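Each chain gets a letter, A, B and so on, in the order the sequences are listed, and its residues count up from 1. Predicted model, so just to flag it, every value in this text is computed and none were measured.
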4 protein chains.
Amino acid sequence: MPLHFQSDKPIYLQIVDTMIHEIVRGRRFPGDKLPSVREYAVEVGVNPNTMQRVYRELDARQITKTKRGQGTFVTDDEETIQQLREQLKQRYIDSFLTDMTGLGFTIEEIISSIDKEKGGTSDDSNQ
Amino acid sequence: MPLHFQSDKPIYLQIVDTMIHEIVRGRRFPGDKLPSVREYAVEVGVNPNTMQRVYRELDARQITKTKRGQGTFVTDDEETIQQLREQLKQRYIDSFLTDMTGLGFTIEEIISSIDKEKGGTSDDSNQ
Amino acid sequence: MPLHFQSDKPIYLQIVDTMIHEIVRGRRFPGDKLPSVREYAVEVGVNPNTMQRVYRELDARQITKTKRGQGTFVTDDEETIQQLREQLKQRYIDSFLTDMTGLGFTIEEIISSIDKEKGGTSDDSNQ
Amino acid sequence: MPLHFQSDKPIYLQIVDTMIHEIVRGRRFPGDKLPSVREYAVEVGVNPNTMQRVYRELDARQITKTKRGQGTFVTDDEETIQQLREQLKQRYIDSFLTDMTGLGFTIEEIISSIDKEKGGTSDDSNQ
DNA sequence: GTGGTCTAGACCACT
DNA sequence: GTGGTCTAGACCACA
């Protein structure tokens, strides 16, 4: 999930999404301390102001909790994380179904195709 | 399917992909004449040489057929188009399953979720 | 096999052919590193872009394999090279027979003439 | 047999060769009148002086005979034409054998391959 | 008009 | 260093 600057989506929202993914996919755990704004800004290669906005947004969505003087931490409310997971799921499904029905496949065909994939190779040859 | 200049994928390949999508989704028909290289280059906002490369690539993949002095045409070999459709299908499914299993869902959960979507809202909320 | 600029065949295809000959005739070996695009362009006296196209074409035909940042190498798939050799053989034979039958010779006369050449002078008097 | 100006061979000799081919292959008959120097120069797109040299060369080789005030005519000495035919044959064979042995084929293999061509398709797909 | 080729010169990503 | 991409602009062959 690389950042594609110059995409039509604001950079800070792209980073927010990336962070949500990392949390939901279990790469960052509830209660984990996130990197400092400055540190993370350098790592990602954006302006600290942009990263500040990322953390503000995450806090506003109660995905993280910032403690003054200590840093920013992933929420330990599993319920919230579960909701994020459901949101992502729904987004993936919607986008997938839009793509597939655009190709003219019916729900039944789609399900049947997925069914065949059980244990299949996830050969990520996009580029 | 907007062009993301600055993406890591070369512009000419992005345009190739776009063209393939348009053909597979039935927005361009077998035998259709494509815009001229120069015309399309202006429309998309790239250099004619870049667009030339697009047409060359499409020809090499036998997706189009170029007739010197006349223009470039979508192949009328329905078989080829059908293959493209299958390729896209497989790519969408692979990518989708990678995403979903990354979130920890099993094939059964995924199928069950899709099943619930029958007649559901295909609300294109990507942005 | 000199380059005939002004021939009707594009320069880049002439160079591709030359390279194929060099490989098939055993002047370049499987796995060999080719000269760099820029270097070879200077040597042959064409624009680097033209030479780039040559390497691209060779790669597309799987005659060479390009490793980013390292260079372009003759394929080590002997099978591919063997196929090229057969192609060249067929082309030479076809062209030769077209010429000879154009002069009114029958296959039998042609074979008989070649037969007499055994150990004969291969006196390259083309010019 | 197109003319490749800028080849290493002088243009006038290229035209001489072309003329010889036309005679030997039976496209011009013994006794035929050739176009006038000026006429033919225009047709081929060369300077009349160059074409003059062509006719002089053909006359010198006794392939044509120029009659002042009447024009230039293909020799009606069938013997001479027969010799030309033999020369061309030898040249084709030498060149062919050089090519084939360069690819590593033996005379026996070559003959065997030609033998298989009897009634074969002469598919002239060079360019 | 159409596509095809070539040059010149720039910038990028990878090692 | 390596190859890969893109632009700009020119000229050609075909119909």
Side-chain angles (χ1 to χ4, degrees), chain A residues 2-6 45 126-127, chain B residues 3-19 31-75, chain C residues 3-19 31-75, chain D residues 2-6 45 126-127:
Chain A
L3 291 187
H4 290 301
F5 301 100
Q6 251 84 353
N126 252 25
Q127 150 80 331
Chain B
L3 292 187
H4 290 295
F5 301 89
Q6 256 84 359
S7 156
D8 51 348
K9 180 176 276 192
I11 293 177
Y12 85 97
L13 283 182
Q14 294 183 46
I15 302 176
V16 164
D17 280 355
T18 303
M19 183 57 77
D32 269 12
K33 182 177 181 306
L34 297 186
S36 82
V37 168
R38 288 163 181 79
E39 195 184 338
Y40 204 30
V42 169
E43 184 180 330
V44 175
V46 298
N47 185 285
N49 271 319
T50 302
M51 194 54 80
Q52 180 79 19
R53 208 161 170 182
V54 169
Y55 280 37
R56 187 170 241 285
E57 183 74 20
L58 288 168
D59 258 37
R61 299 195 199 174
Q62 303 188 318
I63 294 165
T64 57
K65 182 120 199 329
T66 290
K67 300 175 188 169
R68 300 262 309 221
Q70 298 185 48
T72 299
F73 302 82
V74 177
T75 179
Chain C
L3 291 187
H4 289 294
F5 299 91
Q6 255 84 357
S7 154
D8 51 347
K9 181 176 277 190
I11 292 177
Y12 83 98
L13 283 182
Q14 294 183 46
I15 302 176
V16 163
D17 279 356
T18 303
M19 182 59 77
D32 270 11
K33 183 177 179 306
L34 298 186
S36 81
V37 169
R38 288 163 183 78
E39 195 185 337
Y40 204 30
V42 170
E43 185 180 329
V44 176
V46 298
N47 184 284
N49 271 318
T50 302
M51 194 53 81
Q52 180 80 19
R53 207 160 172 184
V54 170
Y55 279 37
R56 188 169 240 285
E57 184 74 20
L58 288 168
D59 258 37
R61 299 195 199 174
Q62 303 190 318
I63 295 165
T64 58
K65 182 121 195 331
T66 291
K67 300 176 189 168
R68 300 263 309 221
Q70 298 185 48
T72 299
F73 302 82
V74 178
T75 180
Chain D
L3 293 186
H4 291 302
F5 301 99
Q6 252 85 355
N126 252 26
Q127 149 82 326

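The side chain to side chain contact (heavy atoms under 4.5 Å, CB included) test with C/L34 is passed by exactly one of C/Y40, C/F73, C/Y55: C/Y55. Checked options B/D59, B/D32, B/T72; the residue passing with B/T64 is B/D59 (criterion: side-chain hydrogen bond (donor to acceptor under 3.5 Å, both in side chains)).
Atom CD of C/Q52 and atom OG1 of C/T66 lie 8.0 Å apart (nearest 0.5 Å).
Between F/dT5, E/dG4, E/dT2, one nucleotide has an atom nearer to the side chain of B/T66 than all others, and that is E/dG4. For B/T72, counting side-chain heavy atoms from C-beta on, the closest listed nucleotide (E/dG3, F/dG3, F/dT5) is E/dG3.
The NZ atom of C/K65 sits 15 Å away from the C1' atom of F/dG4 (whole-angstrom rounding). For the pair B/M51 CE and F/dT5 P, the interatomic distance rounds to 16 Å; values are reported in whole Å. If you take CD1 of B/I11 and P of F/dG4, they are 17 Å apart, rounded to a whole angstrom. Between the C1' atom of F/dT5 and the CD atom of B/Q14 lies a distance of 12 Å, rounded to the nearest Å. Nucleotide E/dC12 holds its P atom 19 Å from the CG atom of B/L13, rounded to whole Å. Protein atom CD of C/E39 is 9 Å distant from nucleotide atom P of F/dG3, rounded to whole Å. Going from atom NZ of C/K67 over to atom C1' of E/dT15 covers 13 Å, rounded to whole Å. Atom CD1 of C/I15 and atom P of E/dT5 are 13 Å apart (whole Å).
In this structure the side chain of C/M19 reaches within 4.5 angstrom of the side chain of C/L58, judged on heavy atoms. With a 4.5 Å cut-off on side-chain heavy atoms, B/M51 and B/V44 count as touching.
Surrounding CD of C/Q62 are at most 12 heavy atoms belonging to other residues, nucleotides or ligands under 6.0 Å away.
Distances shorter than 4.0 Å separate some side-chain N or O of B/S36 from OP1 or OP2 on E/dT2. Side-chain N/O atoms of C/Q52 include one lying less than 4.0 angstrom from OP1 or OP2 on F/dG4. Checking the phosphate oxygens (OP1, OP2) of F/dT7, a side-chain nitrogen or oxygen of B/T50 falls inside 4.0 Å. Contact check, B/Y12 against F/dC6: no side-chain N or O comes under 4.0 Å of OP1 or OP2.
A salt bridge does not link B/R53 to B/E57: none of the charged nitrogens lies less than 4.0 Å from a carboxylate oxygen.
Closest of all the heavy-atom pairs between C/N47 and C/N49 is OD1-N, 2.7 Å. Nearest heavy atom pair, residue C/P48 against residue C/A41, reads CA-CB, 3.7 Å. Nearest heavy atoms, C/K9 versus C/L13: CG-CB, 4.0 Å.
At a non-hydrogen distance threshold of 4.0 Å, nothing from residues 54-62 of chain C comes into contact with DNA chain E.
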field: Base-contact (B) and sugar-phosphate-only (S) positions in nucleotides 9-14 of chain F, heavy-atom cut-off under 4.0 Å, - elsewhere
entry: B---SB

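Residue-to-nucleotide proximity on DNA chain E shows that, of C/P48 and B/P35, the 5′-proximal contact is made by B/P35.
In DNA chain E, consecutive stretches of 3 or more Watson-Crick or G-U wobble pairs with both distances under 3.5 Å are given as paired ranges: E:1-14 with F:1-14.
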